[in-house]
Amino acid sequence: MSQLPSISGSQPIKELKADLFGKIELIRLADGSLAVSRNYRVSRRWVRPLAYFLAAREKKILKILEPLNEPRLPRLLHWGDGKLVRSYIEGKSLYEHKITDSEFFRNARTLLDKIHACGVAHNDIEKPANWLLIGNNEAGIIDFQIAFFSRRRGPLFRVAVREDLRHLIKQKFRNCPQCLSEEEERLLAQRSVVARLWRAIVKPVYNFITRKLLNYSDRKSSIHTR
């Protein structure tokens with residue numbers, strides 16, 4: 001692994017999000033550029049191992065995607081001292097902006113194909129906050145905490161890729177339903193067995209624990225997703 005640059009001399013600009021998993025800040029680096037810092041060291045003590053695990057997973061995935069040299073994806077800038085720092089991407093999330101041009105979704109599919117070609121499935125692009133509109137109809141993707149990498153790209157990976165594509169089509173349906181092709185409509189309606197099991201069994205338990213017991217929702221909008 002190449003040596004990551006130091007973030008000494010960086011200055012916090014504003015807090016973007018704080019929850020039981022830690023704090024996310026927009027910071028300015030010593031060279032004047034903006035970055036996003038995820039501080040998992042200040043997470044609640046009893047969830048700190050999970051916060052570290054998620055941050056470490058994101059670090060691993062960002063390093064795998066680094067050879068793409070893709071400005072529409074975050075780059076890992078620093079790892080250590082309880083923090084993960086990644087590049088800031090200027091754009092608007094789909095929470096903030098409705099996309100009515102099908103060109104955005106063609107661009108998004110191209111980017112998603114690049115990620116999948118690296119053996120990475122995102123697993124969380126159903127959330128509008130994880131999609132960015134960059135410039136003129138370019139798509140960006142952020143937040144790789146629950147993404148996973150598969151060298152062999154076996155059946156489970158192929159299911160995850162299919163679900164990534166289905167969730168992209170779901171974003172297209174929410175924003176530009178008239179742009180859906182017949183093939184996309186069929187894929188949108190056909191959940192995988194894994195997705196059906198998640199929806200029927202796992203998701204209700206997950207929602208009860210996070211929203212009722214922990215008073216936490218990962219769907220709350222924030223601007224840390226740049």
Side-chain angles (χ1 to χ4, degrees), residues 2-44 47-48 50-66 68-99 104 107-108 111 115 122-147 171 210 214-226:
S2 60
Q3 185 68 30
L4 294 174
S6 169
I7 58 169
S8 60
S10 63
Q11 297 292 327
I13 296 178
K14 59 182 174 181
E15 182 179 291
L16 302 176
K17 184 179 181 181
D19 56 32
L20 72 166
F21 290 105
K23 181 171 65 174
I24 299 172
E25 293 180 304
L26 180 67
I27 64 174
R28 190 176 300 280
L29 302 179
D31 64 1
S33 61
L34 296 177
V36 176
S37 172
R38 183 189 300 276
N39 186 340
Y40 55 86
R41 188 171 54 186
V42 299
S43 60
R44 301 284 179 85
V47 298
R48 197 165 298 163
L50 177 58
Y52 172 82
F53 172 79
L54 293 174
R57 177 180 287 269
E58 184 166 29
K59 178 204 71 170
K60 174 185 176 180
I61 297 298
L62 294 184
K63 291 299 292 181
I64 291 170
L65 296 176
E66 190 174 46
L68 289 177
N69 194 28
E70 176 55 71
R72 296 174 295 164
L73 299 175
R75 292 180 296 107
L76 181 65
L77 301 179
H78 174 83
W79 168 258
D81 306 318
K83 294 180 179 179
L84 180 148
V85 180
R86 62 165 178 79
S87 60
Y88 173 85
I89 302 175
E90 185 68 42
K92 296 180 179 179
S93 78
L94 296 196
Y95 267 131
E96 303 169 287
H97 191 82
K98 188 174 179 66
I99 308 294
F104 172 87
N107 187 269
L111 182 59
I115 294 171
H122 187 280
N123 286 331
D124 206 22
I125 58 173
E126 182 181 7
K127 297 176 187 172
N130 289 342
W131 285 100
L132 297 180
L133 170 64
I134 305 169
N136 185 21
N137 280 327
E138 286 195 308
I141 302 176
I142 49 81
D143 197 350
F144 288 82
Q145 284 193 101
I146 64 171
Q171 299 296 346
T210 56
L214 302 181
N215 192 30
Y216 169 79
S217 174
D218 58 5
R219 288 186 176 275
K220 291 177 182 177
S221 177
S222 74
I223 57 174
H224 81 274
T225 53
R226 305 294 193 278

Margin query: According to salt bridge (charged side-chain N to carboxylate O under 4.0 Å, His left out), who are the partners of E58, at least two apart in sequence or on a separate chain?
Written below: R38

Next item on the list: List for me each residue that meets salt bridge (charged side-chain N to carboxylate O under 4.0 Å, His left out) alongside R72, sequence neighbours excluded, and say none if there are none.
Entry: E70

[atom2] on [Y] to [atom1] on [X], rounded to 0.5 Å:
| X | Y | atom1 | atom2 | value |
| --- | --- | --- | --- | --- |
| L94 | L133 | CG | CG | 7.5 Å |
| I64 | K59 | CD1 | NZ | 10.5 Å |
| L65 | K63 | CG | NZ | 11.0 Å |
| I24 | S37 | CD1 | OG | 9.0 Å |
| Q145 | I61 | CD | CD1 | 11.5 Å |
| D143 | L132 | CG | CG | 10.5 Å |

Quick one: closest heavy-atom pair of [X] and [Y], and the distance?
| X | Y | value |
| --- | --- | --- |
| I142 | P74 | CG2-CD, 3.9 Å |
| S93 | P128 | CB-O, 4.1 Å |
| Y40 | L84 | CE2-N, 4.3 Å |

Is it true that a side-chain atom of [X] and a backbone atom of [Y] form a donor plus acceptor pair closer than 3.5 Å?
| X | Y | result |
| --- | --- | --- |
| R86 | V36 | no |
| D81 | K83 | no |
| N123 | I146 | yes |
| W131 | I125 | yes |

Quick one: does [X]'s side chain get under 4.5 Å of [Y]'s, heavy atoms only?
| X | Y | value |
| --- | --- | --- |
| L77 | L29 | yes |
| L34 | R28 | yes |
| L62 | W79 | no |
| N137 | N107 | no |

Check: With F144, which residues qualify under ring-ring contact (aromatic ring centres under 6.0 Å, His included), at least two apart?
Finding: H122

Margin query: Is it the case that over 12 heavy atoms from other parts of the model lie below 6.0 angstrom from the CZ atom of R75?
Written below: no

